[in-house]
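Everything below concerns the one structure shown next.
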There are 4 protein chains.
Amino acid sequence: MKRTRLPEDPVKKARMQAAALALFASGGYQATKVDAIAAKAQVSKGLIFKYFGNKEQLYLATLRQAYDRLMAIMDEAVWQESGDLVAMVTNATRYKISLQLQYPQEFQLLLNGFIHLKQLPASGRQYVEQMMVANQDLTQRLVLPVFAKMTFKPGITATDALTVLNYVTSGYLQKFQQYLLSHPEVTTVAEMEPLLADLTRYLRIVEYGFVAPA
Amino acid sequence: MKRTRLPEDPVKKARMQAAALALFASGGYQATKVDAIAAKAQVSKGLIFKYFGNKEQLYLATLRQAYDRLMAIMDEAVWQESGDLVAMVTNATRYKISLQLQYPQEFQLLLNGFIHLKQLPASGRQYVEQMMVANQDLTQRLVLPVFAKMTFKPGITATDALTVLNYVTSGYLQKFQQYLLSHPEVTTVAEMEPLLADLTRYLRIVEYGFVAPA
Amino acid sequence: MKRTRLPEDPVKKARMQAAALALFASGGYQATKVDAIAAKAQVSKGLIFKYFGNKEQLYLATLRQAYDRLMAIMDEAVWQESGDLVAMVTNATRYKISLQLQYPQEFQLLLNGFIHLKQLPASGRQYVEQMMVANQDLTQRLVLPVFAKMTFKPGITATDALTVLNYVTSGYLQKFQQYLLSHPEVTTVAEMEPLLADLTRYLRIVEYGFVAPA
Amino acid sequence: MKRTRLPEDPVKKARMQAAALALFASGGYQATKVDAIAAKAQVSKGLIFKYFGNKEQLYLATLRQAYDRLMAIMDEAVWQESGDLVAMVTNATRYKISLQLQYPQEFQLLLNGFIHLKQLPASGRQYVEQMMVANQDLTQRLVLPVFAKMTFKPGITATDALTVLNYVTSGYLQKFQQYLLSHPEVTTVAEMEPLLADLTRYLRIVEYGFVAPA
DNA sequence: AATGAATGAGATTTCATTCAT
DNA sequence: CATGAATGAAATCTCATTCAT
């Protein structure tokens with residue numbers, strides 16, 4: 001018995017999403033033409049409007065999908081707790097890097113989304129904002145138990161330490177992403193290990209300072 | 001005594017530039033309509049094209065002006081050298097903050113420009129890129145002399161320390177800018193002093209680590 | 001059986017070309033508005049740009065089409081060689097006249113094109129120039145064999161004779177075209193025969209002079 | 001006693017006319033911008049409108065002036081009657097050529113005007129049409145007396161002979177004008193004498209035919 | 001009277017969205 | 001259902017004409 005065709009062809013829908021992701025990520029909302037998405041998805045323009053209503057909703061759907069995809073993967077308990085803060089944060093960062101390598105477009109899209117926040121329809125902001133928050137939550141959830149075992153200098157709180165750690169790792173990740181853009185041949189985390197050694201030193205500085213004890 | 005009308009009326013040109021700055025900064029290139037700029041500048045559409053040729057050149061002129069304005073001011077030797085690294089970087093940051101408060105649109109425009117780098121016409125990239133470079137150069141020029149008087153832990157270079165300092169201050173500035181967006185009532189550096197105290201602690205961490213000596 | 005819609009609807013494209021031909025021919029490039037072409041072709045403005053890119057390319061396409069159409073028809077071996085020069089040139093002219101009656105707009109367009117040569121984009125000139133050359137080549141190809149059988153007066157070359165023939169026939173054609181403009185009711189060559197008798201006399205003059213032998 | 005300034009400065013008006021003539025002649029009506037005319041005339045745009053009302057009237061004034069100038073000069077009895085038709089027509093043509101050399105822009109303007117006749121406002125047509133008529137009248141006035149002394153072949157009228165003469169001389173003049181466009185270094189009639197020898201042969205053909213008597 | 005900056009109607013061009021096939 | 005040709009509102013850009021100085 002022939003199954004009646006689904007009202008929405010999931011294969012085509014996936015192609016549209018993928019095309020939209022790629023183009024929105026690299027070109028932004030306004031500069032990306034629906035024509036181009038349809039062409040890249042090998043689908044008619046009309047179908048895009050049938051499936052997504054209009055360009056803005058397509059953008060939101062793309063944003064949501066990127067967010068969901070990253071969150072789904074991040075939620076996996078990939079990172080192991082450990083007594084060594086530096087090792088742990090480096091590991092976590094190594095993992096984030098692998099995500100960036102796997103999902104560069106999703107990262108780019110959400111990053112742009114963050115910048116364009118104002119221009120986004122209200123319903124779109126939540127994804128971008130949640131993404132930011134979730135990222136910090138994650139680190140916090142991991143790092144706080146380790147902090148519990150450490151003694152802080154007087155006048156310095158765990159929040160301070162966490163903030164600085166976040167600044168350093170996200171600054172590092174940003175530089176890292178730029179590096180990727182100019183070295184598209186890099187596709188595995190292994191190739192990034194030399195750069196990760198930098199991060200370890202940076203984190204060590206945060207932990208113990210760069211000033212030699214008198 | 002009234003001045004005779006100039007071939008390019010500097011008052012109107014300034015109004016156009018200001019309108020373009022405000023709208024491009026908040027809306028980006030594509031979303032900003034020339035009509036809107038003309039309306040905001042209280043000038044006819046035609047005049048914009050007479051003064052700037054076309055929309056893209058108007059954008060570049062706006063970018064250049066924002067860049068020039070910030071650079072001109074930054075170049076002033078506002079910050080004093082000092083033996084105390086933390087005090088000095090905090091001062092420098094306080095100064096950058098005051099610039100952001102004074103020129104929020106210029107900052108926003110160049111920040112967006114950085115994101116949109118790909119989409120910018122080649123001639124526009126230089127301003128954005130130089131802006132990034134200049135910012136780091138500035139820090140370096142200030143900080144290196146201070147570093148010269150300090151002794152680094154073994155295995156840690158001045159470059160490492162500078163990088164971490166940059167990550168922390170720029171992370172801090174970013175959070176700061178977000179804060180400004182959600183607190184538009186804040187207009188003076190004085191009101192920001194409590195937040196600057198945070199930065200001091202963060203920098204102290206970079207200098208000496210957050211871990212209490214055993 | 002109805003044909004499936006083609007990527008470029010030949011019916012609409014033909015309507016656009018026809019409208020463009022009519023309007024460009026009578027009004028020239030600048031004075032003809034794309035809006036008017038769209039209206040005359042009963043097509044939306046947008047479609048014209050989808051099919052032809054921009055106004056200039058539409059003009060060139062129209063020029064090319066006019067040229068091709070005329071050349072295609074001229075190339076047919078309509079005119080028969082004959083021993084009688086006057087009869088032959090008159091026949092050829094009768095044929096050209098029938099073309100003008102059939103394709104008055106194409107003639108007008110290329111004629112205007114010739115005048116506007118300077119203002120034409122370089123790529124457009126070739127059609128107009130080739131048209132001019134082809135026209136003369138054609139006459140030459142026909143007339144030279146007949147000349148071969150004739151004896152010229154001393155001091156007069158075949159080139160001289162050909163040149164004068166060309167001047168007379170093209171002068172005649174020009175007057176003819178003016179006549180058509182002021183007598184739009186004339187649509188068949190038959191109606192033009194009285195005028196063609198004039199041409200025969202003119203050609204006879206070229207052959208034997210108008211001066212009675214002493 | 002200082003004379004009060006005329007309401008219209010004749011020097012400036014002349015510059016405007018000259019600029020308009022040059023630009024309309026080479027670029028046609030539509031392609032010529034009022035801005036360009038003002039710049040070439042070293043006069044403000046506003047003055048052009050004050051003196052001529054609008055662009056169209058400026059064009060008509062330019063057309064009229066070109067016509068008047070040529071007519072005024074042509075009316076001079078430069079050409080002498082003579083018994084030899086060929087010599088006389090050649091002389092007349094030589095004179096026309098000298099006019100073309102002296103007033104190339106006026107010729108070009110009226111030539112273009114002839115082509116654009118349809119697009120011209122009705123009031124402009126008369127100049128162009130009169131120009132055409134006057135040109136033929138002139139030839140007629142000169143040639144008919146000579147014809148009176150000649151005997152025509154049976155079946156051939158003076159009108160026929162005149163028409164053919166006109167075709168040949170105007171065809172010749174046209175080719176001549178093209179020659180001038182591609183040889184702008186030529187500025188005197190003397191340099192054109194070789195080409196005038198061609199015309200003599202052409203006219204001889206019209207007179208006696210090119211066919212050698214049996 | 002002369003200027004040329006300023007205007008805005010109108011032209012060209014783009015592209016999200018619709019809809020006949 | 002799917003298509004992509006067709007649409008037209010809205011954007012960019014041009015330039016004859018006006019008018020404050």
Side-chain angles (χ1 to χ4, degrees), chain A residues 4-9 12 30-39 42-58, chain B residues 2-9 11-13 30-38 42-58, chain C residues 2-9 11-13 30-38 42-56 58, chain D residues 4-9 12 30-39 42-56 58:
Chain A
T4 169
R5 204 147 35 136
L6 284 174
E8 290 203 346
D9 181 334
K12 283 185 183 166
Q30 295 258 19
T32 300
K33 309 304 170 199
V34 177
D35 263 343
I37 297 173
Q42 304 197 80
V43 145
S44 78
K45 224 186 318 177
L47 206 57
I48 291 181
F49 285 91
K50 180 160 291 169
Y51 278 35
F52 295 95
N54 60 30
K55 189 183 172 183
E56 186 174 306
Q57 283 180 285
L58 171 60
Chain B
K2 189 107 183 307
R3 279 182 89 347
T4 171
R5 210 167 13 155
L6 288 175
E8 289 210 338
D9 182 334
V11 176
K12 284 197 181 142
K13 187 163 191 179
Q30 296 254 23
T32 300
K33 308 306 171 193
V34 176
D35 266 341
I37 296 173
Q42 304 199 80
V43 145
S44 75
K45 221 184 324 178
L47 203 61
I48 291 182
F49 287 96
K50 180 166 286 169
Y51 276 45
F52 296 96
N54 58 33
K55 189 183 170 183
E56 186 173 308
Q57 282 179 274
L58 171 59
Chain C
K2 190 106 183 308
R3 278 181 91 346
T4 170
R5 211 165 15 152
L6 288 173
E8 289 209 339
D9 183 334
V11 175
K12 284 197 180 141
K13 187 162 192 180
Q30 296 253 23
T32 300
K33 309 304 172 195
V34 176
D35 264 342
I37 296 173
Q42 304 197 80
V43 145
S44 75
K45 224 183 322 178
L47 203 60
I48 291 181
F49 287 93
K50 182 165 288 170
Y51 277 45
F52 297 96
N54 59 31
K55 188 183 171 184
E56 186 173 309
L58 171 60
Chain D
T4 168
R5 199 144 41 132
L6 284 173
E8 290 203 345
D9 181 335
K12 282 186 181 164
Q30 295 260 17
T32 299
K33 310 304 171 199
V34 177
D35 264 342
I37 296 173
Q42 305 197 80
V43 145
S44 77
K45 224 186 319 179
L47 207 58
I48 291 181
F49 286 90
K50 181 160 291 169
Y51 279 36
F52 295 96
N54 60 31
K55 188 183 173 184
E56 186 173 306
L58 171 59

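Order of the sequence lines sets the chain letters (A, B, ...), proteins ahead of strands, with each chain counted from 1.
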Exercise. What does B:Lys12 touch in the nucleic acid at a heavy-atom separation under 4.0 angstrom: a base, only the sugar-phosphate, or nothing?
Worked result: sugar-phosphate
Seminar exercise, completed: So CG of D:Leu58 and CD1 of D:Ile37: to nearest 0.5 Å the spacing works out to 5.0 Å
Exercise. What pattern of brackets, bars and dots sums up DNA chain F from 5' to 3', given Watson-Crick or G-U wobble pairs under 3.5 Å, [ ] for crossing pairs and | for another strand?
Worked result: .||||||||||||||||||||
Problem set entry | From C:Lys50 atom NZ to C:Leu47 atom CG, the distance as rounded to the nearest 0.5 Å | 7.0 Å
Problem set entry | Spacing of CD belonging to B:Gln30 relative to NZ belonging to B:Lys55, to within rounding of 0.5 Å | 6.0 Å
For this session: Round to the nearest Å and state the distance from C:Asp9 atom CG to E:dA20 atom C1'.
Result: 12 Å
Seminar exercise, completed: Under a 4.0 Å heavy-atom criterion, the protein footprint on nucleotides 9-14 of chain F, written with B, S and -, is -BSSBB
For this session: Take the protein atom CD of B:Glu8 and the nucleotide atom P of E:dA5, then report the distance between them rounded to whole Å.
Result: 8 Å
Problem set entry | For the student: nearest non-hydrogen atoms of D:Phe49 and D:Val34, plus distance | CE1-CG1, 3.6 Å
Problem set entry | Whole-Å distance separating the CG atom of C:Leu47 from the C1' atom of E:dT13 | 14 Å
Seminar exercise, completed: Residue set satisfying salt bridge (charged side-chain N to carboxylate O under 4.0 Å, His left out) with C:Lys12, at least two apart, ordered chain then number -> none
For this session: Would you kindly give the CD1-to-P distance between A:Ile48 and F:dC1, to the nearest whole Å?
Result: 18 Å
For this session: Check C:Ala38 against C:Ser44 and note the closest heavy-atom contact, atom names and distance.
Result: CB-C, 4.0 Å
Problem set entry | Separation of E:dT18 P from A:Phe52 CZ (nearest whole Å) | 16 Å
Exercise. For E:dA5, does either OP1 or OP2 sit under 4.0 Å from a side-chain N or O belonging to B:Tyr51?
Worked result: no
Exercise. Is D:Ser44 near enough to E:dT3 that one of its side-chain N or O atoms lies under 4.0 angstrom from OP1 or OP2?
Worked result: yes
Exercise. Hey, does B:Tyr51 have a side-chain heavy atom less than 4.5 Å from the side chain of B:Gln57?
Worked result: no
Exercise. Closest nucleotide of DNA chain F for B:Lys50 versus for C:Val43: which of these residues is on the 5' side?
Worked result: C:Val43
Seminar exercise, completed: The reported gap from CD in B:Glu8 to CZ in B:Phe52 (rounded to nearest 0.5 angstrom) is 7.5 Å
